[in-house]
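Encoded as structure tokens, the structure appears first; notes follow it.
Every chain is numbered from 1, with letters handed out A, B, ... down the list of sequences.
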Amino acid sequence: MADKYQLSEGSLRVIMSGGKVEDAIMQVLGTKRIASGSSSDKERYRLLLSDGKYLISFAMLTTQNNDKIVNGELSDNSIIKIKKYITSVINNVGKVNKRVLVILEMETLVPGHKSSKIGSPEQLPEDDSEPLPSETKNNTVSSSTSSTVPQVNGSHRNDTDVNMSMQDQLTHPISSLSPYQNKWVIKARVSNKSSIRTWSNSRGEGKLFNMDLIDESGEIRATAFRDLVDKFYDLIEVDKVYYISKCQLKIANKQFSNLNNDYEMTFTPDTIVQECHDVVDSIPQTRYDFISIDKIAHIEVDTMIDVIGVCKSASDVQMFQARSTGRDLKKRELTLVDQSNNSIALTLWGTEAETFDSASQPVIVIKGARVSQFGGGKTLSTNASTVMKINPDIPEAHRLRGWFDNEGISKTTVNISARSEGGGSQTQWINVKDVQEMGMGQGDKGDYFQVVGTILLYRSENGIYKACPKEDCKKKAADQGNGMYRCDKCNREYPNFKYLLLGSANIADWSGNIWLSLFSSEAEKVLGMSSQAVGEAIENDSQALVEIADKAHFKEFIFKCRSKMENYNDENRLKTVALRVDPVNYKEYNSYLISQINELLN
DNA sequence: CCCCCCCC
């Protein structure tokens, strides 16, 4: 198998003197993990690389390729094709300049175990080409890429000296920045810029803003503080490309950023930022590491993730006071769904919540949402550093749109934000006959349980009423006969009302049947219609609910219920309310059945 | 040097 491929002999000599070789075929003779600065760092790997004639030990993989080593695809003797690379000359004080090869994109042609060492490659001699003038002059770094080699022609421009000094220089890939090497210039696109934020705490006060910088090799977050905010905030514009140098690097705190970099930068008084006016198509817009929604169920709370989903529905804006700060808050909860047929709630805040419009069911792309947990389900929340894009022009968004419009729209989804009653612990599964037999509803708080049941009969009589229009008030409104509706609870009259369903259904499983009352929101799910739509249908045809209810018959759901004994006319009656109705989550239900079977076997 | 982002 290995005979199929001929190594690109001599290509290392070209590449390592700044030249360009397309799709060079090389052999990996060794891999070595580079000691990292901290335990939170991503591992970095250095390769011993041969072109059959020469070998170099200064080859590095960008961390995006690490999985190839971890999964064993890339091992000793593997033959690879180098599809995209950058070289950088690193200045070692008092020593000869060293050129490093950074592999951005590669493909494994033959795995190591199916190959053996080819030829007798020798150490590539030290760079024998004359160093570029800018390298000597600025005592700094340079690089060339396989796709865009910056032109050293600044002397013919009418720019100022400062401009020329920046633009003449060859640049350094973001993925190779580290705190141990501070002579560099990057050429990066600003993919996101925060607003100016002020802080005040025990260590002082000030203002700051962050930006996300991106190039072909990777991305990094940069922050400017205090007077540097005044100096740079207006200069830096989103989507523009800049030459940036002389920032301080430090270990990134992963808790607050989802950028794929172990480090982040801080602007200093020496920092230089200069706009790049060339047309630079090679620098990407934004990098995403999308996590499919079903996988979020297993992701640790407080992790920052990127996600893409169709906004299937959204709540209205809700206003409340923060318990801790007393501040007035506004939120809106979106339901996102993707090809995994799972859905998750995403909370937007403030202005973003107010202005969001879900009517067209747009594709939402989020970079850096925080995973949180509520009532046993997982949810997502945006924060100050989150970037949200609506219907962005990226392939993933078009693919998702196509899926949703064609099939996703009609599929039932598993809601991973669903909460189980009782403080996050699993609600007990029971059979319908047990509701009576277990003596449910004796306590004053009632008993909670869930059943899987089929609707035998949905009662259509008195299934709807005109309620107080105030949000969250469910009181029946009295028609005053003059176009006004009176709510006794709010003690006022309104010119309007809202329809609410008064659901009642008989559901059955193998063991028996039981009558349930349903909250309006849950009755809507069973009927597949909003209360308002049902109300309007009845206005046109008083018997409309009979037909609507008939469509719900023989449908199967999970009913999460509360049973409580109530006293009616001196007679005790067990009342059971379906607090929540969901499509059957077979994964969850089957694991319950399996545990039951195991119990029987023991 | 921020990094709070809230609630059910």
Side-chain angles (χ1 to χ4, degrees), chain A residues 40 179 192-212 220-233 247-259 261-269 271 301-305 314-335 344-354 356 366-388 415 417-424 471-472 474 519 521-522 560 579-580:
Chain A
S40 66
N192 179 39
K193 181 176 96 164
S194 77
S195 52
I196 298 171
R197 216 160 67 236
T198 57
W199 84 87
S200 170
N201 59 28
S202 57
R203 277 168 298 193
E205 53 180 58
K207 58 180 175 183
L208 71 119
F209 78 99
N210 320 294
M211 73 210 88
D212 296 342
I220 193 163
R221 188 161 84 134
T223 308
F225 290 98
R226 304 172 197 277
D227 51 328
L228 298 174
V229 173
D230 303 327
K231 190 170 169 186
F232 289 112
Y233 191 78
C247 295
Q248 195 181 68
L249 276 119
K250 60 171 190 174
I251 302 284
N253 189 337
K254 289 291 181 184
Q255 214 190 318
F256 304 116
S257 158
N258 195 36
L259 295 202
N261 203 315
D262 300 329
Y263 305 112
E264 60 185 35
M265 331 204 290
T266 305
F267 278 28
T268 75
T271 295
V301 167
D302 281 344
T303 311
M304 300 285 277
I305 62 161
S315 74
D316 293 334
V317 177
Q318 286 154 275
M319 285 189 277
F320 60 95
Q321 268 199 339
R323 197 185 286 168
S324 48
T325 59
R327 265 167 60 185
D328 285 322
L329 299 173
K330 289 184 187 119
K331 72 155 190 179
R332 191 196 294 266
E333 211 160 84
L334 318 190
T335 300
I344 190 164
L346 167 75
T347 308
L348 306 184
W349 301 93
T351 316
E352 216 166 30
E354 282 182 293
F356 185 81
I366 294 277
K367 186 169 176 69
R370 177 179 267 103
V371 175
S372 34
Q373 200 156 23
F374 179 65
K378 287 276 170 44
T379 61
L380 292 174
S381 185
T382 58
N383 60 62
S385 62
T386 303
V387 184
M388 179 172 93
N415 177 13
S417 302
R419 20 186 204 275
S420 39
E421 297 296 328
E471 198 180 355
D472 292 327
K474 296 183 167 51
F519 282 176
S521 60
E522 308 313 297
K560 290 194 166 120
L579 306 163
R580 201 182 159 91

Salt bridge (Lys or Arg N to Asp or Glu O under 4.0 Å) partners for A:K231, two or more places apart = none
query = Under 4.0 Å between a side-chain N or O of A:S381 and OP1 or OP2 of B:dC6?
reply = yes
query = Taking everything shown except A:K207 itself, do over 12 heavy atoms lie less than 6.0 Å from its NZ?
reply = yes
Rounded to whole angstrom units, what separation is found between the [atom1] atom of [X] and the [atom2] atom of [N]?
X      : N     : atom1 : atom2 : result
A:I196 : B:dC3 : CD1   : P     : 15 Å
A:R332 : B:dC8 : CZ    : P     : 20 Å
A:I251 : B:dC2 : CD1   : P     : 18 Å
A:F225 : B:dC2 : CZ    : P     : 6 Å
A:L334 : B:dC8 : CG    : P     : 20 Å
A:D328 : B:dC5 : CG    : P     : 18 Å
A:L380 : B:dC6 : CG    : P     : 12 Å
A:L346 : B:dC5 : CG    : C1'   : 13 Å

key: A:F356: partners by ring-ring contact (aromatic ring centres under 6.0 Å, His included), with sequence neighbours left out   = none
task = State plainly whether the residues A:E522 and A:R580 are in salt-bridge range, i.e. N to O under 4.0 Å.
result = no
task = Applying salt bridge (Lys or Arg N to Asp or Glu O under 4.0 Å) between A:D302 and each of A:R370, A:K254, A:K378, report the one that passes.
result = A:R370
message = So A:E352 and A:M388, do their side chains get closer than 4.5 Å, heavy atoms only?
response = yes
ask   = Can a donor-acceptor pair under 3.5 Å be found between the side-chain atoms of A:E264 and the base atoms of B:dC3?
value = yes
ask   = Can you find a donor-acceptor pair, distance only, under 3.5 Å between A:R226 side chain and B:dC1 base?
value = yes
ask   = Which residues within residues 197-205 of chain A lie with some heavy atom under 4.0 Å of an atom in DNA chain B?
value = A:R197, A:W199, A:N201, A:R203
task = Report yes or no: is the ring centroid of A:F374 under 5.5 Å from the six-membered base ring centroid of B:dC8, with the two planes under 30 degrees?
result = yes
ask   = Would you say the side-chain atoms of A:T266 and A:T223 include a donor-acceptor pair closer than 3.5 Å?
value = no
Sugar-phosphate only, base, or nothing, as touched by A:K330 at under 4.0 Å among non-hydrogen atoms = nothing
message = Under 4.0 Å, counting only non-hydrogen atoms across every strand here, what does A:S257 touch: a base, just sugar-phosphate, or nothing?
response = nothing
